[in-house]
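Chain naming here is simple, since letters A, B, ... match the order of the sequence lines and numbering starts at 1 in each.
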Amino acid sequence: MAPGPDQTTYFGSPRRLIRIEKVMKMLEVKDLHVTVEGKEILKGLTLTINAGEVHAIMGPNGAGKSTLSAVIAGKDGYEVTSGSITFEGQDVLEMEVEERALAGMLLGFQYPVEIPGVKNIYLLKAALNAKRAANGQEDIPAPEFMKLIKEKIAEMKMDASFLQRSVNEGFSGGEKKRNEILQMLVLQPRLAMLDEIDSGLDIDAMKVVADGVNSLRAEDRGILLVTHYQRLLDYIVPDRVHVLVDGRIVKSGDAELAKKLEAQGYDWVQEESAA
Amino acid sequence: MASQEMEELVRRDYKEGFVTDIESDTLPPGLDEGVIAFISNKKGEPAWMLEWRLDAYRKWLKMTPPSWAHLDYPPIDYQSISYFSAPKRDEDRPQSLDEVDPKLLETYEKLGIPLHERAALAGVAVDAVFDSVSVATTFKKQLGEAGVIFCSISEAIRDYPELIKQYLGTVVPVTDNYFAALNSAVFTDGSFVFVPKGVTCPMELSTYFRINAANTGQFERTLIICEEGAQVSYLEGCTAPMRDENQLHAAVVELVTLDDAYIKYSTVQNWYPGDEDGKGGIYNFVTKRGDCRGDRSRISWTQVETGSAITWKYPSCVLRGKDSIGEFYSVAVTNGRQQADTGTKMIHIGEGTRSSIISKGISAGRSNQSYRGLVKIGPRAKGARNFTQCDSLLIGDTCGAHTFPYQEIGNSTATVEHEATTSKIGEDQLFYCQSRGISEEDAVSMIVNGFCKDVFQELPMEFAVEAEALLSVTLEGAVG
C-alpha cells in the first residue's frame with residue numbers, strides 16, 4: 001500500500017532530493033555474497049532494517065558477523081561477488097567510504113584505530129563539519145561545538161581530558177569503546193552499526209556503553225548490533241535477533257531468541273538449519 | 001666540437017664583459033676569477049672581500065663534491081651556471097596579479113597567503129601594489145632604535161666591515177665543504193642580522209627568496225649575530241612555491257650566539273621539486289650552522305622541507321659555551337621523485353651542554369628520504385645530554401626512508417638517548433577517518449599533521465598554520 005502524502009517527508013542534500021516514507025526500509029541487504037582473499041565469507045545474506053528498529057546479529061566465531069558491517073561501511077579487501085545493499089534507496093556499493101558515512105551509516109569499530117598526534121576533539125570536529133558541509137551547512141561555531149561535546153562526554157561518563165588526547169592512543173579497551181559511542185552521539189547517524197561493542201568491557205563500562213546506545217534509539221534511526229554474547233542484549237533489548245551461521249542468516253526472532261542461544265548455544269540452530 | 005667552441009666564445013665574452021661591459025646585468029654561464037671579480041665589483045665590495053672570495057675559489061678548485069649522501073643525481077656542470085643576475089627591473093615584471101599564472105595564484109589561495117603578499121611572491125612590481133611600504137619604514141625605525149641591524153649581506157660588507165671581518169666564515173669555514181667553498185666565492189644575496197648586547201629584537205625578522213632569472217645559481221649567505229643576552233627569531237623562505245628555473249642552490253647560513261643569547265631560526269623550504277619524473281627540480285645543497293660561543297646560549301633550528309628535487313642539508317649546532325643548548329626540529333616531506341638527505345649535527349664541546357633533535361620524515365610517491373644525524377660529545381663536555389627522536393612515516397609502498405644516526409661519545413658522564421620509529425599511514429587509519437565522513441585527502445593531511453605536531457608547535461604561530469596547509473598541498477594525490 002502506497003503511503004499517503006502525510007507519511008512522506010522530503011529532505012534535500014546539495015546533490016539529491018530524498019523522499020522518506022514514514023515506515024521505510026532503511027537498509028536492505030539482498031542475497032549478499034562476499035569473499036575475502038578468495039574465500040567466501042558471506043554466502044547469500046539477506047537482511048532488512050527499518051527505521052526505529054534495533055537488530056542484533058549473533059553467531060559463532062567466524063560466521064561472518066563482522067564482515068557484514070565492514071562491507072556496509074565500505075572497508076577495503078571485501079569483494080562483493082553478488083547481491084546488493086541499499087540504504088534509503090541508494091546503492092551503497094556504488095558509494096565511497098566517506099559518502100556512506102555522510103549518508104548516515106556509521107560504523108563503531110571492534111578495534112578502534114589509534115592515530116598518534118591527532119587530538120580526539122579534532123577528529124570529532126572534522127567529522128561533524130564534514131557532515132554539516134554535506135548538508136550545505138557552515139562549520140559549527142566553536143562555542144556551540146564545545147557545549148555539544150561537554151554534554152555528550154558527560155553522558156558517556158568520560159573525563160574532559162579525553163578530548164585532548166590523541167585518538168585512541170593509549171586508551172584502555174573500555175575507553176576506546178566509549179569513545180566510539182561518543183562519536184555516534186555527536187554525529188547522530190541514521191544507521192548506527194556497532195561491531196562487538198561489548199568485547200573487552202567490564203560490567204560497569206558495558207552499562208555506560210549500553211546507556212549510550214539506548215540513548216541513540218529513535219524513531220528515525222536504525223541500529224545494528226553485532227555481538228557474540230547475549231549479555232549485551234540484557235541492556236540493549238533488540239527488536240530483532242538474527243543468527244548468522246556460515247555466511248547466512250539461518251534464524252531470526254525477537255529478544256527471546258537471544259536468551260535461548262545463551263542457554264543452549266548455537267549447535268541447535270546449526271542442526272535445525274542443516275535439517 | 002661546436003659546444004666547446006661555444007664555451008670558449010662565451011668565456012671570451014666574459015673577459016670582455018668584465019673589462020668593458022660593467023653595466024651588464026647578467027653574466028653568461030661560467031666561472032673563473034674574472035667572474036668573481038665582476039661580482040665583487042658589482043656589489044661595490046672592498047678589496048679584502050674580493051681576496052676572501054678568490055681565496056675560497058682557489059680552495060674550491062682543489063675540492064671534490066661529497067659523495068657520501070644517499071642521493072642520486074648526475075654530476076653538476078659548474079660552467080653551465082650563470083653566477084650573477086641583477087633583479088628584474090620593474091617594467092619587466094608582471095604589473096598586476098592579473099598577469100600572473102592562475103595556477104600559481106590558486107596554490108597561494110590554498111596556502112592562505114594574504115593577498116598583498118601574493119603579489120610580492122609572484123614577482124609583481126612590488127611598489128605598484130604593495131601598500132606595506134610605510135609599515136616597513138616604521139619597523140625599520142623601531143629596529144634602528146633598538147640598535148638591531150637587519151640588511152642585505154652586501155650592504156653589511158660595505159657598511160659594517162668590522163663585524164663582517166670578525167664573524168664571516170668563522171662558523172662555516174671556507175673549506176668546510178665543497179658547496180660552502182663555492183658559496184664563499186660567489187655569493188650574491190642573503191641577509192645580515194646583528195642584535196647588540198641585551199637587546200631582544202622587537203619583531204620577528206624574515207627574508208623571502210625572490211624569483212631570479214633562469215639558469216642562474218642561487219647562492220645566499222646569511223649571517224646572524226646575537227651579542228650577550230640578545231635574542232632574535234628569524235624566518236627564512238616562505239611557504240609559497242617559487243617558479244624558479246635555477247638548478248643549483250648552495251646557501252650558507254652562519255649563526256653566532258654569545259653568553260645568554262638566543263637565536264631561533266625557522267625555515268620553510270618549498271622550492272620547485274621538478275615534474276613527475278623529477279626533471280627540472282632544484283638541487284638544494286645548504287650548509288647551516290650555529291655556534292653557541294657563549295655560556296648558556298641557545299640556538300634552535302626549525303625546518304619544514306617540502307620542496308627541491310634534491311635536498312642536502314644538515315643545520316647544526318656547535319655547543320662551545322658552558323650549559324649552551326642546541327635544538328633541531330625538522331619535518332621533511334618528499335613526494336614524486338624527490339630525494340632528501342637531511343639531518344643535523346650536535347657538537348658538544350662545553351660542559352653541561354644539552355641538545356635535542358626531533359626529526360619527522362614523510363615519504364610518499366617514489367621518493368627517497370634519509371635522516372643523517374651526528375651527536376658528538378667531546379672530552380670536556382662533562383654531563384652533556386642529547387635526546388634524539390627520529391620518526392619516519394611512509395605513504396604507499398614505492399617510497400623509502402632511511403636513518404643514519406652517528407654517535408661519537410668521548411665522555412663517560414654524557415647521556416645520549418636515541419628513539420626511532422618507522423610507520424606507514426595505515427589503511428586502517430584512513431578507513432577509520434573516512435568511515436567518519438572525512439575525505440581521504442583530509443584524512444591524510446590530518447594524520448600527517450598529527451605526526452608532525454611536535455615540530456609544528458616549535459614554529460611561530462602564523463608560520464605553523466601555513467606549514468600545515470603546505471603539507472596538504474605537497475601530499476595532494478599521494479594516496480589513491
Side chain, backbone, both or neither of Lys131(A) within contact of chain B (heavy atoms, under 4.5 Å): neither
Heavy-atom side-chain proximity of Phe431(B) to Val97(A) below 4.5 angstrom: yes
Glu138(A) atom CD, neighbour heavy-atom count above 12 within 6.0 Å: no
Close approach to chain A in residues 446-456 of chain B, criterion heavy atom under 4.5 Å: Met446(B), Ile447(B), Gly450(B), Phe451(B), Lys453(B)
Aromatic ring pairing Phe109(A)/Tyr432(B), orientation class (parallel under 30°, perpendicular over 60°, tilted between): perpendicular
Whether over 12 other heavy atoms sit under 6.0 Å from Tyr111(A) OH: no
More than 12 heavy atoms from other groups under 6.0 Å of CZ on Arg366(B): no
Crowding at CZ, Arg217(A) (>12 non-hydrogen neighbours, <6.0 Å): yes
Residue Arg221(A) excluded, over 12 heavy atoms near CZ under 6.0 Å: yes
Residue pair Glu98(A) / Glu440(B): nearest heavy atoms and the distance that separates them: OE2-N, 3.7 Å
Distance, nearest 0.5 Å, that separates CG of Leu102(A) from OG of Ser439(B): 9.0 Å
For chain B, the option from Lys119(A), Gln183(A), Arg100(A) that forms the most heavy-atom pairs under 4.5 Å: Gln183(A)
Donor-acceptor contact present, side-chain Arg436(B) to main-chain Leu107(A), <3.5 Å: yes
Distance (rounded to the nearest 0.5 Å) between Lys125(A) NZ and Ile438(B) CD1: 13.0 Å
Exceeds 12 heavy-atom contacts within 6.0 angstrom, atom CG of Asn214(A): yes
Those residues that, when tested against His228(A), pass ring-ring contact (aromatic ring centres under 6.0 Å, His included) (two or more places apart): none
Part of Pro112(A) within contact of chain B (heavy atom distance under 4.5 Å): both
Residues 165-174 of chain A: residues contacting chain B (heavy atom under 4.5 Å, by number): Val167(A), Asn168(A)
Other residues, nucleotides, ligands: >12 heavy atoms within 6.0 Å of Glu37(A) CD: no
Structural part of Glu427(B) lying under 4.5 Å from a heavy atom of chain A: side chain
Minimum heavy-atom distance Ala101(A)-Gly437(B), with the two atoms named: CB-N, 3.2 Å
Chain B contact via Glu96(A) - side chain, backbone, both or neither, heavy atoms under 4.5 Å: neither
Whether over 12 other heavy atoms sit under 6.0 Å from Tyr122(A) OH: no
Test side-chain hydrogen bond (donor to acceptor under 3.5 Å, both in side chains) applied to Thr48(A) - qualifying residues, sequence neighbours left out: none
Point-to-point distance, once rounded to the nearest 0.5 Å, from CD1 of Ile115(A) to CD1 of Ile425(B): 9.5 Å
